[in-house]
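As structure tokens, the structure follows; a few thoughts come after it.
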Amino acid sequence: MAGKSSEATGRVVSIASVLGAAGARTAYEKLLLIREFENKVYDSFVAGLVQGTTHLCQGQEAVSVGTVMALRDDDYLTYTYRGHGPCIARGMDLEGAFAEIFGRSTGVSGGLGGSMHLTDMQLGLLGSFAIVGAGLPVAVGAGISARERGIGQVSMTWFGDGATNIGAFHESMNLAAVWKLPVIFVCENNLYGEYSPILSTTPMQDLVVRASAYAMPGVVVDGNDVVAVLDATRRAVARARAGDGPTFIECKTYRQCGHSRSDAGKYRPPGELDAWMERDPIVLFRNRLLAEGLLDKAGLAATEQRVREEVQAAAARAAEGPWPEVRPLHDATYAGTLTA
Amino acid sequence: MAGKSSEATGRVVSIASVLGAAGARTAYEKLLLIREFENKVYDSFVAGLVQGTTHLCQGQEAVSVGTVMALRDDDYLTYTYRGHGPCIARGMDLEGAFAEIFGRSTGVSGGLGGSMHLTDMQLGLLGSFAIVGAGLPVAVGAGISARERGIGQVSMTWFGDGATNIGAFHESMNLAAVWKLPVIFVCENNLYGEYSPILSTTPMQDLVVRASAYAMPGVVVDGNDVVAVLDATRRAVARARAGDGPTFIECKTYRQCGHSRSDAGKYRPPGELDAWMERDPIVLFRNRLLAEGLLDKAGLAATEQRVREEVQAAAARAAEGPWPEVRPLHDATYAGTLTA
Amino acid sequence: MSTITYREAIVRAQREALAADPRVILMGEDIGAAGGPFKTTEGLFEEFGPLRVRDTPISENAFVGAAMGMALTGYRPVIELMFADFMGVCFDQIVNSIAKHRFMCGGKVAVPVTIRAMGGGGVRFGAQHSQTGETWVYQFPGLKVFCPASPADAYLMLRQAIDDPDPVIVLEHKAMMAMKGEIQTDAGRWPAQRPQVVRPGRDVTLVASLAMVRRAMAAADALAAQGIQAEVIDLRVLRPLVAEPIIDSVTRTGALVVVEENHESGGWGAEIVARALTAAFDYIDKPPVRVTLPDWPMPYSPALEDAAVPSVQKIVDAVLAQH
Amino acid sequence: MSTITYREAIVRAQREALAADPRVILMGEDIGAAGGPFKTTEGLFEEFGPLRVRDTPISENAFVGAAMGMALTGYRPVIELMFADFMGVCFDQIVNSIAKHRFMCGGKVAVPVTIRAMGGGGVRFGAQHSQTGETWVYQFPGLKVFCPASPADAYLMLRQAIDDPDPVIVLEHKAMMAMKGEIQTDAGRWPAQRPQVVRPGRDVTLVASLAMVRRAMAAADALAAQGIQAEVIDLRVLRPLVAEPIIDSVTRTGALVVVEENHESGGWGAEIVARALTAAFDYIDKPPVRVTLPDWPMPYSPALEDAAVPSVQKIVDAVLAQH
Ligand SMILES: Cc1ncc(C[n+]2csc(CCOP(=O)(O)OP(=O)(O)O)c2C)c(N)n1
Ligand SMILES: Cc1ncc(C[n+]2csc(CCOP(=O)(O)OP(=O)(O)O)c2C)c(N)n1
Ligand SMILES: [Mg+2]
Ligand SMILES: [Mg+2]
């Protein structure tokens with residue numbers, strides 16, 4: 001399948017067959033959780049609770065949820081500055097995530113990392129990288145560990161369309177391919193790198209063709225369809241666990257908000273956003289849940305209500321968190337004792 | 001033709017049709033010149049006239065000659081530490097080249113550069129790069145100039161099979177492709193990067209497939225057949241001059257000697273070197289010249305004699321060159337005046 | 001003379017360079033229609049078009065290397081690298097190619113490349129987006145390193161950089177973008193490329209760069225109120241480093257305090273201290289003091305970031321402790 | 001104790017680490033069957049096989065970043081980068097990822113990566129293959145930087161680096177590969193990770209690192225013949241920098257000369273001068289001197305290279321001029 005738009009594209013699979021009823025509820029909950037989380041981060045920015053910058057992923061939730069749900073607890077993940085999605089999908093503590101973004105000592109990294117650097121080693125959330133492409137080599141390294149340890153772990157890394165033009169992408173794809181490592185490369189093709197449309201920086205729209213430069217299987221999937229994403233990822237993960245090496249998954253999706261806080265998105269052609277809003281991953285999934293009778297309107301509303309409350313409560317608790325104490329941070333810098 | 005072994009492979013073109021009689025003589029002379037030059041550098045190393053290290057290209061001469069002969073005088077070239085070939089093919093002064101390698105003030109760069117850094121701006125020889133892959137971005141930049149100036153210039157860059165795994169290769173290919181720059185990427189696939197066989201570092205033997213990752217035309221050519229190389233390069237150059245963008249040319253060839261001075265080549269499978277020696281580019285071309293009746297044995301012998309003498313004489317003069325004077329080198333470091 | 005912001009000064013310098021010389025070409029990520037992530041190319045795309053103001057892919061190593069290729073073949077590229085921290089992904093091209101190429105060619109070529117990068121802390125961008133980059137590059141012969149600490153310098157240094165036959169890295173500071181000041185458009189009145197006394201004083205020499213200059217000035221105000229007259233020197237050009245103005249100053253004041261937004265070990269402050277103390281050994285009568293970032297990466301939390309970046313109070317305290 | 005070469009000491013340290021700890025994995029270009037471009041992994045591939053001693057593609061940024069991924073997930077990678085100059089192509093992973101990751105994670109992870117790189121001049125490799133790399137990396141908190149100047153240190157520092165929970169860059173010097181000396185295998189007798197007095201003296205303190213230590217020692221011999229007793233300090237660990245042994249020494253000798261194979265501006269010599277003069281201000285009675293590379297890239301020509309690298313004679317002259 002290398003270099004071709006895969007069989008996964010366009011194939012409509014039933015939710016029940018891929019997720020089951022319980023899985024479907026979980027997926028819906030996770031989608032909502034990420035959406036609510038990101039909305040709350042945005043509001044917190046406006047309210048002055050967050051300073052600096054932040055990169056949100058509304059519209060791309062199905063990629064995070066669909067890919068993460070294909071993983072085992074002992075798998076490894078690396079992601080980007082736009083990485084709240086995978087973290088929340090993986091189960092990162094919401095208060096800890098908010099508190100980190102608010103710069104509080106109760107943050108997952110004690111406020112030292114920030115919005116661009118949410119991590120949690122317990123969950124295999126190895127790192128969020130603010131330098132484009134930098135997370136890929138690290139995921140490859142986790143893939144080496146996984147392969148060496150020999151218990152079927154995999155490593156997964158997320159990155160954008162724009163990131164496929166940086167050297168680290170190329171070197172990582174090649175290394176994973178030549179060593180047949182269990183690494184899943186998840187490309188969130190949201191059509192833009194910052195304010196640049198993909199065709200202004202890349203001589204093609206379908207990035208999956210790049211996989212063939214490494215003799216690596218590549219698949220394209222509708223990134224706004226959580227079921228399709230999960231389905232495609234499961235196949236890739238199965239291959240990786242079986243020792244058959246890496247896969248490149250291109251998820252076609254769209255960033256509903258600006259690149260970062262200061263971006264109003266003026267570069268978008270008229271109508272583009274509207275068209276994608278109609279394909280909002282949460283709305284799509286919600287409609288299918290109803291259509292397939294897996295959840296009724298009351299059930300959906302209850303879930304929505306619960307998630308919203310959970311997110312609001314976590315943010316409220318996080319906002320109460322104390323500021324980190326101003327003290328020497330040598331111990332946060334080095335693990336070993338220093339002679340100095 | 002992207003991503004496919006090209007029509008150029010296997011096609012036998014007559015020397016006369018591609019080169020003409022005069023061109024054939026020039027090509028033969030250039031092939032010999034490079035061979036004799038490299039042999040003399042080797043001998044000079046053994047004799048203690050060259051210190052440090054040096055990377056020779058015996059066996060790959062047809063790539064240098066075939067590609068360079070497709071160029072105009074005002075084209076641009078970047079190449080590598082194994083870059084004596086393009087320099088000599090382009091007409092670099094032999095004494096100046098030897099003297100540079102011997103570290104003398106009469107060297108093309110006054111002895112400041114050395115074997116890994118032969119350059120001559122007058123000839124468009126922009127730079128020899130000792131960091132793998134580093135010459136490619138620079139060639140892309142020259143391609144931007146060429147395109148801007150609008151008089152049909154092209155930029156050509158040489159690199160090895162191993163270099164296709166470094167980030168700079170990827171970024172340069174993409175940039176040249178997306179901006180449709182007149183850049184010819186010449187990959188000398190000599191099957192090894194230092195002591196590593198290609199399949200230990202790259203998941204495929206045919207590197208031309210990588211061109212398709214940039215929607216760039218790619219061709220494979222027998223790198224030991226100077227006529228085939230020239231023929232394929234001319235097409236690529238014509239496309240570039242016409243504004244149709246870059247081409248990737250994979251030249252299948254072989255490094256007859258070690259990677260660098262200290263390498264005895266023990267990693268080679270038995271018989272491999274012998275098989276390639278039978279396909280020595282100079283012997284092949286010589287035989288074809290005779291077969292096509294473009295030169296007779298006496299003519300060949302006369303050329304060989306002349307080239308050998310020319311090379312020996314240049315080396316002898318170079319060895320007489322004075323050492324550079326020990327003096328402040330601020331003016332070699334900065335072009336502008338320094339306030340300091 | 002006209003009063004504009006640091007950011008506007010950068011735009012203006014580029015506009016004038018583009019207008020004056022057809023060989024000038026700007027390249028960088030989102031510098032075109034978007035006007036640059038820091039809006040430092042605002043309006044230039046509209047005015048000069050997509051070939052003179054080029055949006056690049058996220059391929060820093062390639063487009064920085066390409067700048068050298070352009071420079072070698074007759075153009076004068078001006079690169080915007082966005083965050084100075086991104087020099088990491090193109091470090092090879094900067095320090096191994098661009099810095100050394102002329103030398104390796106025996107001095108026979110010039111490499112007129114300008115690289116602009118925005119650095120520095122104070123804006124809650126965390127450890128990978130807050131480095132000034134000063135100490136990354138000033139050690140390399142072949143490069144020039146300019147550090148504008150005012151709109152005037154943001155303007156003139158960029159114009160000088162673009163005109164310079166050598167590669168120049170212009171390190172702008174993102175916390176100063178909105179700073180207002182006068183610029184001098186008459187090149188005949190531009191100061192020499194060397195440190196400059198921006199406030200005279202007789203008791204102590206404060207040497208600072210980039211955003212630390214303002215803080216040193218504010219500290220000097222505070223110190224004056226306590227009877228200590230600090231002379232403030234804006235370092236301005238990190239390479240080639242001209243130490244005379246500093247040596248001259250400490251010879252008069254007898255005391256040196258450097259203020260920089262880099263870690264102590266490896267900061268340029270050591271270089272200043274070493275040069276000053278070596279040259280003015282007999283004139284300095286107090287141990288020098290360096291006010292720097294602490295020895296850990298930049299923390300994200302506002303509370304910790306503010307404690308990390310040298311503050312006016314810390315500078316004042318350092319001087320008082322010395323005296 | 002046993003007498004081996006610097007190169008053999010490097011091989012031995014890695015062999016012992018591989019044997020002692022299954023989590024140790026070596027990666028680099030041609031370090032496998034070829035035994036490494038500098039033969040610093042000779043025999044290890046045969047002994048430990050292709051999974052523990054891994055030949056990599058020419059993809060430094062990927063395999064250095066991969067080392068961090070391995071370290072975060074339970075392994076102890078040891079990278080051979082070949083020439084220190086190649087840090088340019090993986091600088092981002094070294095300084096932005098590896099150095100800062102623990103910190104950005106709030107100190108909750110350790111990053112036990114060892115990176116070996118061979119630097120330095122004197123072997124006619126030209127401007128892009130002769131840099132020591134010392135001043136590229138010692139400025140970054142989060143990294144440790146070891147500089148072995150003897151077979152003993154080549155051995156013990158590499159063992160310490162591999163055992164260290166933090167990332168360590170071990171800068172070996174290619175001109176010392178054949179140097180012979182004794183190594184100490186008993187870890188209980190290893191010196192602390194700090195500068196070490198390698199020759200006592202009362203008149204002047206010479207601080208040097210890597211290949212300059214031998215030259216400083218030779219200079220001390222020559223000076224002794226002229227009645228000047230030089231104390232020689234091997235700097236050994238560039239980060240974290242422990243200045244006490246140096247301060248202690250200059251307090252006794254009253255004079256400081258640093259010798260380094262880096263350019264003056266941005267060299268660590270300034271840091272040593274600044275620390276020593278600040279802490280021992282009242283004890284130093286002669287202006288310090290720095291003997292460094294000149295302010296241009298390394299020339300290829302043997303004549304010029306030899307003139308560039310600090311020679312024994314230059315060190316002697318510097319001390320004599322100071323006294
Ligand atoms: C090496 C590097 N260059 C530039 C940037 C600035 N930058 C941050 S995000 C971004 C766009 C990335 O686009 P893409 O990979 O498509 O990811 P997306 O933001 O769309 O998720 C850029 C250029 C960076 N962080 N690192
Ligand atoms: C970035 C970088 N990594 C490693 C090296 C060391 N090195 C020099 S040549 C070489 C092999 C290159 O192989 P290839 O690209 O096939 O070119 P060839 O030498 O075969 O012509 C290596 C690894 C280098 N010079 N630069
Ligand atoms: Mg994108
Ligand atoms: Mg090769």
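Computed over heavy atoms, backbone and side chain alike; hydrogens, waters and symmetry mates excluded. Quick caveat: nothing in here was measured; it's all calculated off a predicted structure. Throughout, protein chains are lettered first and strands after them, A, B, ... in sequence-line order, and every chain is numbered starting at 1.
Considering CD1 of C/Ile284 and CG of D/Leu277, their distance stands at 9.0 Å, rounded to 0.5 Å. Put simply, OG on C/Ser265 and CZ on D/Arg239 are 5.0 Å apart, with the number rounded to the nearest 0.5 Å.
Only the side chain of D/Phe103 comes within less than 4.5 Å of a heavy atom in chain C; its backbone stays farther off. Within the 4.5 angstrom heavy-atom criterion, no atom of C/Phe86 approaches chain D. Of the two parts of C/Leu238, neither the backbone nor the side chain holds a non-hydrogen atom closer than 4.5 Å to a non-hydrogen atom of chain D. The contact between C/Arg275 and chain D is made by backbone and side chain atoms together, counting heavy-atom distances below 4.5 Å.
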Would you give me the side-chain donor-acceptor pairs under 3.5 Å for residues 125-132 of chain D, sequence neighbours excluded?
| unit_1 | atom_1 | unit_2 | atom_2 | d |
| --- | --- | --- | --- | --- |
| D/Gln128 | OE1 | B/Ala130 | N | 3.0 |
| D/Gln128 | NE2 | C/Asn96 | O | 2.8 |
| D/Ser130 | OG | D/Gly126 | O | 2.7 |
| D/Gln131 | OE1 | C/Lys100 | NZ | 2.9 |
| D/Gln131 | NE2 | C/Asn96 | OD1 | 3.0 |
| D/Gln131 | NE2 | D/Asp85 | OD2 | 2.8 |
| D/Thr132 | OG1 | D/Glu134 | N | 3.2 |
| D/Thr132 | OG1 | D/Glu134 | OE1 | 3.1 |
| D/Thr132 | OG1 | D/Asn262 | OD1 | 2.7 |

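Using the six-membered ring where Trp is involved, D/Phe91 and C/Phe91 have ring planes that are parallel, under 30° apart on the 30 and 60° scheme.
Between D/Phe140 and C/His263, every side-chain heavy-atom pair lies at or beyond the 4.5 Å cut-off.
Checking side-chain atoms of C/Glu271 against main-chain N and O of D/Gly266 turns up a donor-acceptor pair under 3.5 Å.
Contacts with chain D were tallied for C/Asp282, C/Val137, C/Val89, C/Asn61; C/Val89 has the most, counting heavy-atom pairs under 4.5 Å.
Of all residues in residues 295-303 of chain D, those placing a non-hydrogen atom less than 4.5 angstrom from a non-hydrogen atom of chain C are D/Asp295, D/Trp296, D/Pro297, D/Met298, D/Pro299.
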